[in-house]
Amino acid sequence: GDETIFTLLHDQQVRLSAGEMLLFLPRLEKPFRVQGPATSFWIRDRGTVVAQVTTNRGIKLVCLSGRPTLLAGAQEAVLEPGRVYFLPPGPPRLGRNLLIDLTLFLRTSALIQAFPEKLPAEREIRNTAFRQAVSIQKRTRLFVGDATTAEDFDLLMVED
């Protein structure tokens, strides 16, 4: 992203200080580490994930494909495509998560739209979004915003 500040610490570790980044993770022998401004996590197994620094200095993750495993402190969780996960600032831990409309996210994400070429997992991401769209019965006009505290995040209501 335009406002992204990150440092590649070595081939298996990055420091994300501001903004957002797309992580395409092939099957790795060792977990990949992301250090945020006030939290950190490890991720292993194959998948595509968007990581974004929130205004409270935590991290928001959106899983786009695969089922990578997140390791945050003593917690371990398999990430599901189409879910947004919050990691609040402080000791590494997994906060709240919720299901989002993956098709809408892909269509409206400036980061995803900025790539001139197809993403490495483009086909898998699109297939996952299609399967999710078929399975979702009800939708709301709420959009997930930014994290406001260690436990809360904004939900934005769109009115006609």
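Source: prediction; values computed, not measured.
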By side chain to side chain donor-acceptor pair (under 3.5 Å), Arg15 pairs with (sequence neighbours left out) Gln35
Nearest heavy-atom contact between Leu111 and Phe115 is O-CD1, 3.2 Å
Stepwise, does the side-chain contact (heavy atoms from CB on, under 4.5 Å) test hold for Leu23 with Val34?
CA-CA 10 Å; Leu23 300 169; Val34 176; 3.9 Å; yes
> Looking at side-chain heavy atoms only, is the closest gap between Tyr85 and Glu80 below 4.5 Å?
Replying inline: yes
Under a side-chain separation threshold of 4.5 Å, the hydrophobic residues clustered together with Leu71 are Trp42
Any heavy-atom pair between the side chains of Ile5 and Leu16 that's under 4.5 Å? no
Notebook entry, point to check: Under a 4.5 Å cut-off applied to non-hydrogen side-chain atoms, are Phe130 and Thr103 in contact?
Noted result: no
### Query
Has Phe105 got more than 12 heavy atoms of other residues, nucleotides or ligands less than 6.0 Å from its CZ?
yes
Q | Arg67 CZ: over 12 foreign heavy atoms closer than 6.0 Å | A | yes
Check: Should Glu20 and Val50 count as side-chain neighbours, where that means a heavy-atom distance under 4.5 Å?
Finding: yes
- Task: Answer yes if the side chains of Lys30 and Gln12 hold a donor-acceptor pair under 3.5 Å, and no otherwise.
- Result: no
Heavy-atom distance under 4.5 Å between the side chains of Val62 and Ile100, does that happen here? yes
Honestly curious: do Phe24 and Leu8 fall in one hydrophobic cluster under the side-chain, below-4.5 Å linking rule? no
In short, Ser40 meets Leu87 closest at the heavy-atom pair O-CD2, 4.4 Å
The side chain to side chain donor-acceptor pair (under 3.5 Å) partners of Arg83 (sequence neighbours excluded) come to Asn97
side-chain contact (heavy atoms from CB on, under 4.5 Å) between Leu119 and Ile112: does it pass, once the steps are laid out?
CA-CA 9 Å; Leu119 300 175; Ile112 301 296; 4.3 Å; yes
Check your understanding: Would you call Pro89 and Thr39 a side-chain contact if the rule is heavy atoms closer than 4.5 Å?
Key -> no
The complete set of salt bridge (charged side-chain N to carboxylate O under 4.0 Å, His left out) pairs with one or both residues in residues 31-52, sequence neighbours excluded, reads Arg44-Glu76, Arg46-Glu124
Nearest heavy-atom approach of Thr54 to Asn56 is OG1-OD1, 2.5 Å
On a heavy-atom basis, the closest approach of Gly66 and Cys63 is O-SG, 4.0 Å
Applying side chain to side chain donor-acceptor pair (under 3.5 Å) to Arg57 and not counting sequence neighbours gives none
One should read off an interatomic distance between Gln52 CD and Leu61 CG, to the nearest 0.5 angstrom, of 10.0 Å
Could you tell me if the side chain of Val14 sits less than 4.5 Å from the side chain of Leu9, heavy atoms only? no
Nearest heavy-atom contact between Lys60 and Phe86 is CD-CE2, 3.6 Å
Residues passing the side chain to side chain donor-acceptor pair (under 3.5 Å) test with Ser65, sequence neighbours excluded, are Thr48
> Can you tell if the side chain of Ser17 reaches within under 4.5 Å of the side chain of Pro37, non-hydrogen atoms only?
Replying inline: no
With Leu64 as partner, the option from Thr128, Leu102, Val49 fulfilling side chain to side chain contact (heavy atoms under 4.5 Å, CB included) is Leu102
